[in-house]
Amino acid sequence: TEKHGWVYRRALVLSQLGILYTRIGQDSLAFKLCDQAQKLIRGMPLTQAIPLRAMANAYSNLGGYAKALAYLRESTRIILDTVPTFSELASNYNSIAQLYSLLGNHTLALLNAQQSLAFSESNRLNKRQAQAASFMAVEYARLSQFDHATEELNRALDYFKGIEESQHA
């Protein structure tokens, strides 16, 4: 692929494979693939954010929450410093929210989930909106704020209806 100037595409494939391997618990392989991707894409900032997020997921799977947060913050900084995409930002803030929830800091988890929802709403990303709203419902319930939890759960269900309607249109 390098012969044809497709370094960018190869790096994206390696990053996507890294993400997939974190989802099936093959974190060491995910680290290896993401490291290869990072070596290929030096100087391509937005592309660098993707393997960083995958590495954050792998660290989170292994219980390295502080390192996972550091990687997510760096990934987010890169996205914000280049051409911010709402989808990428929503994904990063959602991942940060999940990490704070695992750490027991439900207030920070909620703040990051709210930010994820805001980015999702800016670009009408129904799946991400539903994900953020349902996550917020759980966090509010953990904080014994049941009225807010019910409100967010209803909002999540509305987003799910929007997903179904768009699939049948």
Side-chain angles (χ1 to χ4, degrees), residues 1-2 6-139 152 156 159 163:
T1 59
E2 286 81 341
W6 294 356
V7 175
Y8 169 80
R9 290 178 191 255
R10 182 166 188 236
L12 283 178
V13 168
L14 290 170
S15 297
Q16 292 300 319
L17 286 171
I19 291 168
L20 291 173
Y21 279 113
T22 65
R23 290 182 180 161
I24 61 170
Q26 297 291 319
D27 298 308
S28 60
L29 190 51
F31 284 126
K32 181 180 176 181
L33 293 168
C34 290
D35 186 51
Q36 288 175 16
Q38 291 231 292
K39 288 176 183 173
L40 289 172
I41 54 178
R42 296 208 193 287
M44 292 185 243
L46 187 56
T47 310
Q48 290 175 318
I50 298 167
L52 288 172
R53 184 174 44 234
M55 292 170 74
N57 291 340
Y59 277 113
S60 175
N61 291 345
L62 297 171
Y65 302 130
K67 202 150 193 161
L69 281 170
Y71 275 90
L72 282 168
R73 286 185 186 121
E74 179 63 13
S75 174
T76 304
R77 184 197 61 75
I78 289 169
I79 295 167
L80 289 170
D81 286 350
T82 57
V83 181
T85 63
F86 291 123
S87 178
E88 296 294 328
L89 287 169
S91 180
N92 276 18
Y93 278 99
N94 182 61
S95 294
I96 292 169
Q98 290 176 6
L99 283 170
Y100 278 122
S101 180
L102 287 171
L103 292 169
N105 191 334
H106 303 292
T107 302
L108 275 178
L110 265 171
L111 289 172
N112 282 281
Q114 288 167 346
Q115 189 63 59
S116 176
L117 182 60
F119 284 123
S120 298
E121 287 177 337
S122 296
N123 207 28
R124 300 180 193 257
L125 303 167
N126 281 342
K127 289 181 183 178
R128 292 217 191 273
Q129 290 168 312
Q131 183 180 29
S134 61
F135 179 85
M136 289 168 55
V138 171
E139 292 303 306
E152 291 304 326
Y159 291 133
I163 294 168

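Quick note: numbers below take in every heavy atom, side chains included, and nothing from hydrogens, waters or symmetry partners.
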Could you pull out the closest heavy-atom pair between [X] and [Y], with the gap in Å?
| X | Y | value |
| --- | --- | --- |
| Y159 | N126 | CB-O, 3.9 Å |
| L99 | L72 | CD1-CD1, 3.4 Å |
| T22 | D27 | CA-OD1, 3.6 Å |
| S116 | A90 | OG-O, 2.9 Å |
| S87 | R128 | O-NE, 3.5 Å |
| Q48 | Q38 | O-NE2, 3.6 Å |

Mind checking the [atom1]-[atom2] spacing from [X] to [Y]? Nearest 0.5 Å is all I need.
| X | Y | atom1 | atom2 | value |
| --- | --- | --- | --- | --- |
| C34 | Q16 | SG | CD | 9.5 Å |
| M136 | N94 | CE | CG | 11.0 Å |
| S91 | R53 | OG | CZ | 4.0 Å |
| I41 | R10 | CD1 | CZ | 12.0 Å |
| N112 | L117 | CG | CG | 12.5 Å |
| K32 | Q26 | NZ | CD | 12.5 Å |

Closer than 3.5 angstrom, by distance alone: can the side chain of S60 be matched with the main-chain N or O of A56 as a donor-acceptor pair? no
Are any side-chain N or O atoms of S122 and backbone N or O atoms of A118, one a donor and one an acceptor, separated by less than 3.5 Å? yes
Would Y59 and F31 count as a close aromatic pair, with their ring centres under 6.0 Å?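 Distance test on ring centres: under 6.0 Å, yes.
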Would the number of heavy atoms belonging to other residues, nucleotides or ligands and lying under 6.0 Å from CZ of F135 be above 12?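 Check passes, neighbour count above 12.
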Could you tell me whether R77 atom CZ has more than 12 heavy atoms of other residues or ligands within 6.0 Å of it? yes
With a 4.5 Å limit on heavy-atom distance, are the side chains of [X] and [Y] in contact?
| X | Y | answer |
| --- | --- | --- |
| S101 | H106 | yes |
| T47 | L40 | no |
| L69 | L103 | yes |

